There are 2 protein chains.
Amino acid sequence: MTMASRLLVDVHTHVYLPRYASLLRSRSTVPFIRTNTTADGLSEDRLLILENEPSGGRPVGPQYWDREEKLKFMDKHGIDISVVSTANPWLDFLPAAQAQTLASELNEDLEQYCATSPSTNSSGPYKIKRLYGFGLLPLVPEVSTTSVLRIVNQIASLPHLRGLIMGTRGIGQGLDDEALDPVWAAIEKAGLVVFLHPHYGVDGSAWGDKDNGHVLPLALGFPFETTTSATRLILSGVFDRFPNLRLLLAHSGGALAALSSRLASCIDHDPRAASRLKHDARYYLGKLYLDAVAYGPEELGFVSDVISRSTGYEAGTSISKTPDRSLGSQRMFFGTDHPFFPPLEPSEKWKSVTENLEAIALVQGWSEEDKAGVRGGNAMSLFNLRE
Amino acid sequence: MTMASRLLVDVHTHVYLPRYASLLRSRSTVPFIRTNTTADGLSEDRLLILENEPSGGRPVGPQYWDREEKLKFMDKHGIDISVVSTANPWLDFLPAAQAQTLASELNEDLEQYCATSPSTNSSGPYKIKRLYGFGLLPLVPEVSTTSVLRIVNQIASLPHLRGLIMGTRGIGQGLDDEALDPVWAAIEKAGLVVFLHPHYGVDGSAWGDKDNGHVLPLALGFPFETTTSATRLILSGVFDRFPNLRLLLAHSGGALAALSSRLASCIDHDPRAASRLKHDARYYLGKLYLDAVAYGPEELGFVSDVISRSTGYEAGTSISKTPDRSLGSQRMFFGTDHPFFPPLEPSEKWKSVTENLEAIALVQGWSEEDKAGVRGGNAMSLFNLRE
């Protein structure tokens with residue numbers, strides 16, 4: 001194992017770049033940042049990104065936009081490298097022309113943010129920066145395919161951007177929209193990693209009338225949305241048409257692994273849906289990459305089982321009886337969700353870091369090498385992290 | 001191990017009793033049964049239970065109401081005993097007075113359906129019937145608590161009903177409604193098992209415009225609904241107030257196990273939600289019973305891990321590092337979802353049976369005794385299946 005693979009790499013870590021934060025400050029409807037005066041006469045910024053945001057929005061500060069704060073957070077927790085992405089809701093709320101301009105500008109901004117970052121202390125043969133990035137596409141209704149493809153090419157040309165982050169709405173009809181096929185083709189060809197991330201959850205009527213703060217939309221709504229979007233992608237045949245597409249799902253894919261055999265069974269009972277796919281639904285989970293942001297070792301172990309069993313579901317093969325967790329671990333990646341989920345006391349280490357690291361350390365059936373892979377080695381390979 | 005624990009017991013198997021089927025035939029809005037004439041001039045019954053039912057509803061026939069068909073299905077698949085429940089949407093759509101009358105009548109009907117069923121071939125010390133049942137409560141808006149409690153007592157008094165099936169709407173505000181506390185108290189005191197089952201899924205806009213038949217609402221919507229309802233129950237403190245309540249979740253609890261550490265983390269970051277609970281969210285999963293209707297061995301093994309780890313999350317204990325799958329298996333129960341998911345060819349064995357049995361057989365880390373427990377022994381104990 002090389003030195004590089006001992007690095008700790010965070011693939012799920014967000015930023016509102018200063019240009020984006022300014023946009024949010026200029027707005028008065030969701031999404032926006034509002035400056036309140038607290039009961040003590042202090043000024044306080046609040047971020048409102050959801051309709052009917054509970055608790056008057058969440059407090060935001062420099063950790064959302066200041067690169068020094070990102071690096072301090074990384075230093076505090078021993079994170080060597082972060083692959084940074086703009087936080088939701090990206091450009092989803094903008095008219096096409098503005099989304100296109102801003103995507104281009106924010107991609108340049110993020111390239112600068114990464115390119116001018118310090119190098120790691122790695123003593124390996126390659127220079128490695130501490131910050132790399134996921135770019136943004138102007139995926140909004142009425143955008144032209146040409147202009148989306150232009151931005152895919154821009155991202156591919158920016159040396160420190162190694163992928164792009166994407167919500168679940170596509171150009172208005174979701175990601176199972178055939179109109180996106182040229183976009184998937186271009187992304188596949190460029191070898192960029194698509195980081196699929198939720199924002200909208202599900203219709204809020206599911207949560208009932210009790211005030212549970214952000215718990216239900218974050219704990220359940222986010223994973224439900226990711227699960228739905230990935231399932232619709234599977235059903236649409238995207239992974240049959242673009243077998244080399246590299247899709248990284250947030251929050252360990254939400255509930256996709258847990259519901260994948262049920263999904264396979266439901267498809268199996270629907271001849272029309274089944275006829276559209278080359279393989280059992282479970283096969284496609286082995287094509288995915290999943291972050292390890294699930295907060296528990298049993299969850300991570302299970303997800304790695306589900307990834308590894310996928311090969312047994314390739315058409316014409318017999319089903320593997322003993323999933324190989326080691327194999328599955330190679331498609332999993334440490335993440336923190338920073339700067340969301342801050343600690344209740346500012347001096348504390350962030351539980352979102354310590355719990356996810358502890359979860360990786362405690363997975364039964366992962367070797368030390370597997371764990372080092374999930375902590376960083378797998379990301380070094382997937383994103384080709386070197387200058 | 002006694003003979004009895006080698007029996008195969010199906011805890012997730014539905015019926016529309018003739019009285020209920022008649023009601024559905026008398027209606028012309030959802031839910032209802034409609035008789036169509038096919039292109040060949042044949043008469044065909046279709047069941048419509050969801051608003052915007054895809055594919056013009058699903059074909060229904062005697063397997064939904066005829067007890068002989070249930071027994072034939074059981075014989076074909078070696079199922080010794082079924083604990084039968086009315087299928088969704090139960091009485092949810094009825095005015096309170098009608099729901100109350102019908103609950104009482106249907107409970108009597110189901111008692112007869114079971115009481116007059118044949119006995120098993122078991123050579124053990126007790127006589128055991130082949131059919132037991134879950135009763136129904138009139139849980140609809142504007143019902144009086146008194147009348148719900150009267151039906152709880154009725155169910156407790158009917159010797160072949162060993163629990164009750166419940167949807168997620170309660171009396172209109174969901175199951176986290178404090179108005180239900182007297183109902184939980186009465187159910188707990190009577191020792192009845194509550195079988196929590198989905199019907200509504202989530203808002204259909206999540207599924208997009210593509211025609212994927214029933215796949216998305218069944219594969220994802222159902223488990224999302226169960227997950228949401230169980231999570232709201234946890235957040236409401238029901239399991240702290242009624243620690244002996246016996247709640248059986250359909251479809252292995254949906255995505256609850258997979259999202260339980262994320263849920264715990266989200267609660268942990270919300271001091272108000274956390275302050276309402278005695279334990280980490282993961283503790284409460286060990287209070288639950290889960291059917292084994294998840295269609296895959298990895299899913300079942302994972303769920304049993306999550307059940308068994310719960311004790312490590314009791315306030316004041318240190319977290320267990322190695323979940324004991326055997327322990328977790330004791331709260332899991334074979335089920336088939338009959339008569340839903342029929343085979344595409346009538347002569348075939350039902351995959352919903354064979355796949356769920358195969359899944360049980362293949363769980364890594366379950367002993368033969370554990371597997372026998374999941375197949376039937378656990379149900380024999382939980383429902384005290386003897387005359």
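Since we're looking at a predicted model, the values are computed, not measured. Letters A, B, ... mirror the listed sequences (proteins, then strands); counts begin at 1.
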Exercise for the section: Please look at A:F222 and chain B and tell me whether the side chain, the backbone, both or neither of the residue comes under 4.5 angstrom of a heavy atom of that chain. Expected result: side chain
Problem - Heavy-atom pairs under 4.5 Å with chain B, option from A:G301, A:G208, A:A273 with the top count - result: A:G208
Practice task
Only counting residues at least two apart or in another chain, list the ones meeting side-chain contact (heavy atoms from CB on, under 4.5 Å) with B:D181.
Solution key: B:W184, B:R241, B:F242
Exercise for the section: Heavy-atom pairs under 4.5 Å with chain A are the metric here; pick the option from B:Q173, B:E225, B:K210 that has the most. Expected result: B:K210
Handout entry: B:P343: side-chain contact (heavy atoms from CB on, under 4.5 Å) partners, not counting sequence neighbours
Key = B:E348, B:W350
Handout entry: Non-neighbouring partners of A:T13 that pass side-chain contact (heavy atoms from CB on, under 4.5 Å), sequence neighbours left out
Key = A:D10, A:K70, A:S82, A:V84, A:T336, A:H338
Practice task
Tabulate, in ascending numerical order, the residues of residues 255-265 of chain A having at least one heavy atom closer than 4.5 Å to a heavy atom of chain B, or enter 'none'.
Solution key: A:A255, A:A257, A:A258, A:L259, A:S260, A:S261, A:R262, A:L263, A:S265
Exercise for the section: Return the option, out of A:T168, A:T228, A:D305, with the maximum number of heavy-atom pairs under 4.5 Å with chain B. Expected result: A:T228
Problem - Region of A:R325 in contact with chain B, defined by heavy-atom distances below 4.5 Å - result: side chain
Exercise for the section: Would you mind checking which part of A:D268 comes under 4.5 Å of any heavy atom in chain B, side chain (CB onward), backbone (N, CA, C, O), both or neither? Expected result: both
Exercise for the section: Examine whether an atom of A:L344 lies under 4.5 Å from a heavy atom of chain B, and if so say whether it belongs to the side chain, the backbone or both; otherwise answer neither. Expected result: side chain
Practice task
Heavy-atom pairs under 4.5 Å with chain B are the metric here; pick the option from A:V293, A:V306, A:T231 that has the most.
Solution key: A:T231
Completion exercise
Heavy atoms of B:V215 and A:C266 approach each other most closely as CG2-O, 4.0 Å
Problem - Within-4.5 Å side-chain heavy-atom neighbours: B:F302 and A:E299 - result: yes
Practice task
Under the side chain to side chain contact (heavy atoms under 4.5 Å, CB included) rule, what do A:R276 and B:N212 come out as? Steps first, then yes or no, please.
Solution key: CA-CA 10 Å; A:R276 294 190 204 132; B:N212 289 303; 3.1 Å; yes
Exercise for the section: Could you check if a side-chain atom of B:H214 sits within less than 4.5 angstrom of a side-chain atom of A:H269, using non-hydrogen atoms only? Expected result: no
Handout entry: Side chains of A:L216 and B:L235 in contact at under 4.5 Å (non-hydrogen atoms)
Key = yes
